[in-house]
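Per chain, numbering begins at 1; letters A, B, ... match sequence-line order. Nothing here was measured: the structure is a model prediction, and the numbers come from that model.
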Amino acid sequence: MRAERDHGSGRADSGCQQEPRQGRPLTGRLASTFPAIKRASIVSHVKVRFAPSPTGYLHIGGARTALFNWLWARHEKGTFILRIEDTDQDRSTEEAIQIILDGMKWVGLEWDEGPYRQTERMELYRERAMALLEQGKAYWCVCAAEELEQRRKEAQAKGLTPKYDGRCRARGITKPTGEAALRFMAPQEGQTVVEDLIKGRVVFDNSVLDDLIILRSNGYPTYNFSVVVDDALMGITHVIRGDDHLNNTPRQIPIFQALGYPIPRFGHLSMIMGADKAKLSKRHGATSVLAYKDMGYLPEALINYLVRLGWSHGDQEIFSMAEMIDKFSFDHVQKSAAVFNPEKLLWMNAQYIKQSEPARLATLLVPFLDQVGVGEAARKAPAGWLARLVALFQERARTLVEMAQAATPYLQEPVEIEADAGAKFLTPAIVPALEKLTERFAATADFSHAPLETAFKQLIEEEGLKMGQLAQPVRVAVTGRTASPGLFEVIELLGRERTLARLRKGIEQAKRGNA
RNA sequence: GUCCCCAUCGUCUAGCCUGGCCUAGGACGCCGGCCUUUCAAGCCGGCAACACGGGUUCAAAUCCCGUUGGGGACGCCA
């Protein structure tokens, strides 16, 4: 059974990081210009990349890979490159590219170079592939795709490792007549060692390596070849990517060597999993970065959540972007896979909503208010009013969606009184008290929090009522609901006219109500 | 099946490299309390973990080996 491939762009091969001293030493002129500096302590300019394939939206896993690359680049004052790996003609789409770029921008991961597209670099791959052919490091393979598939199945059935048997290796085909793919002649003896920045030393026997196809019969390069060429040509110093690529690393290293390119450092991030511990996918819920935008999450909250998924700095949970950049390093990156926990993300978002500037939230909130039908009213509100409204809900809403829902009654005219709430609190018995309160409020010169509260308290004392006995009916009349921010804050925000109108309407309903 | 990776509370993690300060700390969630005009927020408290088995050592969550469990990869996908 084939594993689900929907990590989407999360499968993108990208990133890298490491201790400065692990950087490749300078060579040649530069090095001899600074003979006093120990080679081992010289850091080459860090260059990393995020390399999604445009076959779907920007996945949560992909975003985290991009984030770690970005953090490393910023931490090292290096360069972060965005490269679109679109060599799969059948699955790559323009829309997906745009959606990925939008996702990257929303989340604030600005790239310094690119986006490069592999399909615009075809000549580069073909040239290198042909060079390998000429040097006898690659060979034409005329085995039909279906035939290979067939052999693979047979091997699987017999419990053998499916591997190309190398039958075209010795054929020495120089000018294939029909369809032919170019294969890389992989080393079969010895070992390939990866000194991974996250996993540590990983050793592979070269006997497990396949002669992989580097150029398809349609002329397009395959992933394992184009990454190597691009990483080398773009001067990538650290390849930071998902650990689903760890097995690809020993296949790519010999290609770097055959091409005569320096080998970058590698760092393999563990995967993000769903609650059932399987690779995070659609069935676990939303996995698209932009879906979180639509659900009312703040980008910095998502980023903060993601960075803590696999990275830590002591007990700290909340990090500003600047702090993350400052503290980030690979030696606190977890080796094991992490389960994505929507609950904690929600908490994180709540933290950021609480900390944010009301004015900014107000702007972000408008589209969500549109969705609940009060966007127009919000746009018509006096300048600054919406921000005041937002301020009342900052510690009550965990997402902008929740905030929009909670804020609805304050923008609605007339207010919709929830049936249960009205039936329970707007009863004939409370009418006299409500009427008196309305009169007093009408007579209050300064319609603001403190005087209103004073008037209110005076009244309940005179009437021998408890706070809640009158507060709840008032709350329902004014907000239509039994839960709201502080009553007097809400009333002050609504203002004299609207409050009194709502109170009067509430009284009407209370008179009709049967208790 | 083969190869590779991983293994501390339900979840994210600190501690592990440089054994003793760990009767294992923090966070989310959950439970209880305080505050309180409702709802939140906040504060206080509680429940809850070193996968198992050997070994090394005066001493192991920390080092070694094995077992088990989980994950990933085995494409003319990336």
What is the pairing partner of [N], taking Watson-Crick or G-U wobble pairs with both distances under 3.5 Å in any strand?
N: B:U62; answer: none
N: B:U37; answer: none
N: B:C50; answer: none
N: B:U68; answer: B:A7
N: B:U2; answer: B:A73
N: B:G32; answer: B:C44

Please list, chain by chain and in numerical order, all residues satisfying side chain to side chain contact (heavy atoms under 4.5 Å, CB included) with [X], sequence neighbours excluded.
X: A:A181; answer: A:I213
X: A:E461; answer: none
X: A:E179; answer: A:S217
X: A:P358; answer: A:A387, A:V390, A:A391, A:Q394

Taking atom [atom1] in both [N] and [M], compute the distance separating them and give it to the nearest angstrom.
N: B:A78; M: B:C28; atom1: C1'; value: 34 Å
N: B:C35; M: B:C43; atom1: C1'; value: 8 Å
N: B:G19; M: B:C58; atom1: C1'; value: 12 Å
N: B:U8; M: B:G70; atom1: P; value: 15 Å
N: B:A48; M: B:C6; atom1: P; value: 31 Å
N: B:G20; M: B:U2; atom1: P; value: 39 Å
N: B:C3; M: B:C21; atom1: C1'; value: 42 Å
N: B:U23; M: B:C4; atom1: P; value: 38 Å

Item to complete: Using a cut-off of strictly less than 4.0 Å between a heavy atom of the residue and any atom of RNA chain B, enumerate the qualifying residues of residues 473-489 of chain A by number.
Response: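 Hits under 4.0 Å, by residue number: A:R475, A:T482, A:A483, A:S484, A:P485, A:G486, A:L487, A:F488.
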Item to complete: May I ask you to check whether A:Y223 and A:N248 show a side-chain donor-acceptor distance below 3.5 Å?
Response: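 Judged by distance alone, the side chains do not pair up.
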Could you tell me the separation between the [atom1] atom of [X] and the [atom2] atom of [N], rounded to a whole number of Å?
X: A:L269; N: B:G72; atom1: CG; atom2: P; value: 16 Å
X: A:M467; N: B:U37; atom1: CE; atom2: P; value: 6 Å
X: A:H245; N: B:A73; atom1: NE2; atom2: P; value: 9 Å
X: A:Y164; N: B:C74; atom1: OH; atom2: C1'; value: 17 Å
X: A:Q252; N: B:A78; atom1: CD; atom2: P; value: 12 Å
X: A:M271; N: B:G70; atom1: CE; atom2: P; value: 19 Å
X: A:R251; N: B:A78; atom1: CZ; atom2: P; value: 12 Å
X: A:D420; N: B:U38; atom1: CG; atom2: C1'; value: 15 Å

Discussion item. Mind checking if A:C141 touches a base, just sugar-phosphate, or nothing, with heavy atoms under 4.0 Å?
Written reply: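 A:C141: no heavy atom of the nucleic acid under 4.0 Å.
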Worksheet item: Using a cut-off of 4.0 Å on non-hydrogen atoms, how would the nucleic acid contact of A:N248 be classed: base, sugar-phosphate, or nothing?
Response: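 Contact class for A:N248: base.
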Strictly below 4.0 Å: does [X] bring a side-chain N or O up to OP1 or OP2 of [N]?
X: A:K279; N: B:A73; answer: yes
X: A:T87; N: B:A78; answer: yes
X: A:R152; N: B:G75; answer: yes

So which protein N/O to nucleotides 13-17 of chain B N/O distances come out below 3.5 Å?
{"residue": "B:U13", "atom": "OP1", "partner": "A:G310", "partner atom": "N", "Å": "2.5"}
{"residue": "B:U13", "atom": "O3'", "partner": "A:S312", "partner atom": "OG", "Å": "3.2"}
{"residue": "B:A14", "atom": "OP1", "partner": "A:S312", "partner atom": "OG", "Å": "2.6"}
{"residue": "B:A14", "atom": "OP2", "partner": "A:Q334", "partner atom": "OE1", "Å": "2.9"}

Worksheet item: Does the separation of the ring centres of A:W111 and A:Y116 fall below 6.0 angstrom?
Response: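 Ring centroids of A:W111 and A:Y116 are no less than 6.0 Å from each other.
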Worksheet item: So, for A:F393 and A:Y410, is the gap between ring centers shorter than 6.0 Å?
Response: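 They qualify: ring centres under 6.0 Å apart.
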Worksheet item: With a cut-off of under 6.0 Å to the ring centre and 45° to the axis, is A:R183 in cation-pi contact with A:Y164?
Response: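 Yes.
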Worksheet entry | Residue that, paired with A:F50, satisfies side-chain contact (heavy atoms from CB on, under 4.5 Å) out of A:I81, A:L82, A:L67 |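 Going through the options one by one, the only one that passes is A:L82.
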Worksheet entry | Residue mapping more 5' on RNA chain B - nearest nucleotide basis, A:K277 or A:D90 |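 The answer here is A:K277.
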Discussion item. Can you work out whether A:H449 or A:I213 has the more 5'-proximal nearest nucleotide on RNA chain B?
Written reply: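 Closer to the 5' end of RNA chain B: A:H449.
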Worksheet item: With under 30° as parallel and over 60° as perpendicular, where do the rings of A:F488 and A:H449 fit, or are they tilted in between?
Response: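 Ring orientation, 0 to 90° scale: tilted.
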Item to complete: On the 0 to 90° scale, with breaks at 30° and 60°, tag the A:Y305-A:F340 ring pair as parallel, tilted or perpendicular.
Response: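 The arrangement is perpendicular - the two ring planes meet at more than 60°.
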Report each atom pair, protein N/O against N/O of nucleotides 41-45 of chain B, whose distance is under 3.5 angstrom.
{"residue": "B:A41", "atom": "O4'", "partner": "A:E395", "partner atom": "O", "Å": "3.3"}
{"residue": "B:A41", "atom": "O3'", "partner": "A:K354", "partner atom": "NZ", "Å": "2.7"}
{"residue": "B:G42", "atom": "OP1", "partner": "A:K354", "partner atom": "NZ", "Å": "3.2"}

Which of these nucleotides, [options], is closest to any side-chain atom of [X]?
X: A:E343; options: B:C28, B:G70, B:C76; result: B:C28
X: A:K344; options: B:C76, B:C77, B:C12; result: B:C12
X: A:S217; options: B:C77, B:C76, B:G1; result: B:C76

Fill in: Distance-only donor-acceptor test, A:E317 side-chain atoms vs B:G26 base atoms, 3.5 Å
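Checked by distance alone, the answer is yes.
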Worksheet item: Given side chains that start at C-beta, do those of A:I97 and A:R117 come closer than 4.5 Å, heavy atoms only?
Response: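 Sidechains of A:R117 and A:I97: in contact.
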Please enumerate all protein N or O atoms sitting under 3.5 Å from an N or O of nucleotides 3-5 of chain B, with distances to 0.1 Å.
{"residue": "B:C5", "atom": "O2'", "partner": "A:K199", "partner atom": "NZ", "Å": "2.8"}

Worksheet item: Among all residues two or more places apart in sequence or in another chain, which pass the ring pair (Phe, Tyr, Trp, His ring centres under 6.0 Å) test with A:Y297?
Response: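 A:Y292.
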Practice prompt. Could you tell me which residues satisfy ring pair (Phe, Tyr, Trp, His ring centres under 6.0 Å) with A:Y125, sequence neighbours excluded, listed by chain and number?
Written response: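 Expected list: none.
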Discussion item. For A:R481, give me all partners under salt bridge (charged side-chain N to carboxylate O under 4.0 Å, His left out), at least two apart in sequence or on another chain.
Written reply: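 Result, salt bridge (charged side-chain N to carboxylate O under 4.0 Å, His left out) vs A:R481: A:E418.
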Practice prompt. Could I get the full list of side chain to side chain donor-acceptor pair (under 3.5 Å) partners for A:E416, not counting sequence neighbours?
Written response: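 A:E416 satisfies side chain to side chain donor-acceptor pair (under 3.5 Å) with no other residue.
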Item to complete: Determine, step by step, whether A:Y139 and A:F184 satisfy the ring-ring contact (aromatic ring centres under 6.0 Å, His included) criterion, reporting the C-alpha distance in whole Å, the side-chain angles of both residues, the deciding distance to 0.1 Å, and the verdict.
Response: CA-CA 7 Å; A:Y139 60 91; A:F184 177 67; 9.4 Å; no
